[in-house]
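This report concerns only the one structure given below.
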Number of protein chains: 2
Amino acid sequence: MANGKTTLRDVAAAAGVSPMTASNALHGKAGVKESTRAKVLAAAERLDYRINLTASMLKSGRSNIIHIIVNEFDSPFYSKLVQALATATTERGLTPFVEQTRYSPTAAERALTRNPFSDQLFDGEIIHASGLGTNLPLARMNAGRPLVLIDGCEETPSVDTVNFPNEDGARAAVQHLIERGCRHIAIVGGEFVPRAELAHVETSYGLRLRGASGALLDAGLAYDESIMFYGYNSDYGIKAGHAIGDAILAVGESSGRPFDGVFCANDYAAFGVIRGLKDRGLRVPDDVKVIGIDGTSFGAYSTPTLSTIQVDLDQLAQFALDMITRRIERRNTVNGAGASTGSAGADTGSVADASDQPTRATIGYRLIARESTGA
Amino acid sequence: MANGKTTLRDVAAAAGVSPMTASNALHGKAGVKESTRAKVLAAAERLDYRINLTASMLKSGRSNIIHIIVNEFDSPFYSKLVQALATATTERGLTPFVEQTRYSPTAAERALTRNPFSDQLFDGEIIHASGLGTNLPLARMNAGRPLVLIDGCEETPSVDTVNFPNEDGARAAVQHLIERGCRHIAIVGGEFVPRAELAHVETSYGLRLRGASGALLDAGLAYDESIMFYGYNSDYGIKAGHAIGDAILAVGESSGRPFDGVFCANDYAAFGVIRGLKDRGLRVPDDVKVIGIDGTSFGAYSTPTLSTIQVDLDQLAQFALDMITRRIERRNTVNGAGASTGSAGADTGSVADASDQPTRATIGYRLIARESTGA
DNA sequence: ATGAAAGCGCTAACAG
DNA sequence: CTGTTAGCGCTTTCAT
């Protein structure tokens, strides 16, 4: 407490015990007499003791900090994802450290590999895959530290992964448009991908396209380049809305409208599309029905309210934290065992058992039918 | 490099220098021969050396980490604020650590005072005041660490503060409604506060009310309890919209509508109000004009697009970082001087000079006139 | 149930 | 310009 900083030593002295006993008492470790613990806690309280985490981390190699890596903070999707992950992390007694890559693959890779914090400051990392390239040697990039991938979409995952219900969700969205009577459905997202090439896609967008095209083909509707419009965010969504609107107006009422429904590969784009259609004098849902996917909060307040596929981000966060805490615990026991076993050696092989294999989970979703599809 | 972990020692050994020289070389400190530095850098690269920040922090007491405290991640306002602050922090070579308090004053206070990281892990803190009580002894809570308050709204600031243009922005918003022809303007926000009591308010909402009421009174329009509707977010905004709509419909077209304009104390509420008015069959802007304040991204994509007061969050972030880096540098030099001066004592008084006084800045804004006010 | 010793990896301070 | 010494505050290990 010399410099206004109370150290463990000070607390121990005030309680009349050794630093080690004070440490054990403060951490609630077993094997400390109740009366001793009480003395220590009282002293700590009185001296306003705060543990020095840098010292603790340096010695123990553990921080309880989870590194969360996403593209950005300011989007309806990411802000919700980050909030779910950060809240779940805190609920488990861990500390979330959120980093944004601003959509730079370099930044994402550096966050995982060259970040000076990673080695010592983080117990584990949760990264949203989009922005990384596909099929990176993630486990290696991460040097074996506990890692969970969000929406990695790999067919054979190399690390623990929590996926969005991309294919099923998109299929449900398009089926909903069909049930609402749509027969000419446009898709707003990225590039057109021929159906055959969708068999082994490993991206979120590819899977959504697979689900959407599947629903179209099952219903005997067209899936080809003519129904595709580029637009992955609101700005491009507006342009897509204009293009779709122009196509509708060019044909005119008489000969049947070319589009009466739009599936957007994310909500953000859907808001833009609605806006763009409105700019052309087309009404949603009367003239064209629109559905998104993601379930961002804003869809409940927009005009019209947005039909969407709501994904369960709280469930996602629980899955991700289950996976990461399991890895962390596992690593601690293995390390502990390895250290005390010394050079037994033979054990090293058997640790690569089933529990080392990458886990995979897919989160749930539900269709929210709102005004934009005539609900 | 024994355990897969390369230490500074290893690098120094490989480069044939002492650890201290290696450290200086890696940190780009002056006073290292260029050839020596090159050797060290090469060795570090070859051995894939990464500094152990916990050790560095423990010894030096500096981390380059800035603690950013906000209410939550998932709102259009906070996600934008966090992104601006995090990006500006990174641009200055510092590391942002964002924490959410979930609107709990306890959590906010703990983040500042009892957070075990604060003492050792953070070089400074930037906190958005809302959620803290008013007029807390912030400087004391923070134990003298560098601290910047966002929108503290204190008349006589106790710490460095960057304020929003609450009063002027609200005034400009209401003036805009008046210019658009509105004569019966409702206010959606918190509780009604009599004009007299607004003289010395120290909250964001109070200042906005002062600006709004000032504009109304200047134009000879009413400011009283009958024009106030409760609603600080979209959910309550919808209810406010319903109430305003009901009031309009109750009176009927003939006797003149009671409300033809709505000023919302934030954008979030404005989206709800528009939604609520629509539920009652009222059109924005034809029947009622609506304006918000904050300038959240979504206003550009909604239907109708939202007129708002756009505040310059990037400027805010620059101001905040200017203030915090100044405090950090100042603290370092003072500490350094103090240490070498030994027990000179007399100097202690003179360090409390003008540069110790709390700084205050107010960020800029501009009116964005969009569809919701008939633009 | 408690304590003593040792040292995590780095950098401030000073010596050369 | 470079090296040596010391120690940040804690926790692991081992002894009592």
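The sequence lines fix the lettering, A, B, ..., with proteins before strands; numbering per chain opens at 1.
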Checking A/Val40 against A/Val32 for the side chain to side chain contact (heavy atoms under 4.5 Å, CB included) test, could you report, in this order, the C-alpha distance in whole Å, the side-chain angles of both residues, the deciding distance, and whether it holds?
CA-CA 10 Å; A/Val40 171; A/Val32 179; over 6 Å; no

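- Taking atom CG of B/Leu26 as the reference point, atom P of C/dG9 lies 16 Å away to the nearest angstrom.
- Residues B/Arg327 and B/Asp356 are in side-chain contact: their nearest non-hydrogen atoms beyond the backbone lie under 4.5 Å apart.
- Here the C1' atom of nucleotide D/dT2 and the NZ atom of B/Lys29 are 14 Å apart, to the nearest Å.
- Atom NZ in A/Lys5 sits roughly 15 Å away from atom C1' in D/dC10 (whole-Å rounding).
- Taking a 4.0 Å limit (strictly below) on heavy-atom distances, residues 35-44 of chain A reaches DNA chain C at A/Thr36.
- Applying the 4.0 Å criterion to OP1 and OP2 of C/dG9, one finds that B/Tyr49 has every side-chain N and O outside that range.
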Using atom names, set out every protein N or O paired with an N or O of nucleotides 4-6 of chain D below 3.5 Å, distance rounded to 0.1 Å.
none

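- Although no hydrogens or angles enter the test, the distance criterion places no donor-acceptor pair under 3.5 Å between the side chain of B/Asp123 and the main chain of B/Ile66.
- Between the CG atom of B/Leu121 and the P atom of D/dC10 there is a distance of 14 Å, given to the nearest Å.
- Remark: B/Phe97 pairs with A/Phe97, B/His67, B/Phe122 by the ring pair (Phe, Tyr, Trp, His ring centres under 6.0 Å) rule, at least two apart or across chains.
- In this model, the phosphate group of D/dT11 is approached by a side-chain N or O of A/His27 to a distance below 4.0 Å at OP1 or OP2.
- One interatomic measurement links the two molecules: CD1 of B/Ile51 to P of C/dG9, which rounds to 13 Å at whole-angstrom precision.
- For the pair A/Thr90/B/Arg102, no side-chain contact is recorded, criterion being any heavy-atom separation below 4.5 Å from C-beta on.
- Axis angle across the helix from C/dA1-D/dT16 to C/dG16-D/dC1, with five pairs used at each end and values rounded to 10°: 30°.
- Pairs engaging residues 83-101 of chain B under the salt bridge (charged side-chain N to carboxylate O under 4.0 Å, His left out) rule: B/Arg92-B/Asp322 [sequence neighbours left out].
- In terms of position on DNA chain D, the residue among A/Ser23 and B/Leu58 whose nearest nucleotide sits closer to the 5' end is B/Leu58.
- Distance, A/Met57 CE to D/dT12 P: 14 Å, rounded to whole Å.
- Every residue two or more places apart in sequence or in another chain that forms a side chain to side chain contact (heavy atoms under 4.5 Å, CB included) with A/Lys29 is listed here: A/Asn24, A/His27.
- Side-chain contact between B/Leu8 and B/Ile51 is absent, with no heavy-atom pair separated by less than 4.5 Å.
- Between the C1' atom of C/dC8 and the CZ atom of A/Arg62 lies a distance of 13 Å, rounded to the nearest Å.
- Between B/Leu81 and B/Leu316 the shortest side-chain heavy-atom distance falls below 4.5 Å.
- Side-chain N/O atoms of B/Asp10 and B/Tyr49 include no donor and acceptor closer than 3.5 Å.
- Here D/dC8 presents its P atom at 11 Å from CG of A/Asn52, a figure rounded to the nearest Å.
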Can you check side-chain hydrogen bond (donor to acceptor under 3.5 Å, both in side chains) on B/Gln100 and A/Thr87, steps first, answer last?
CA-CA 8 Å; B/Gln100 59 172 354; A/Thr87 302; 2.9 Å; yes

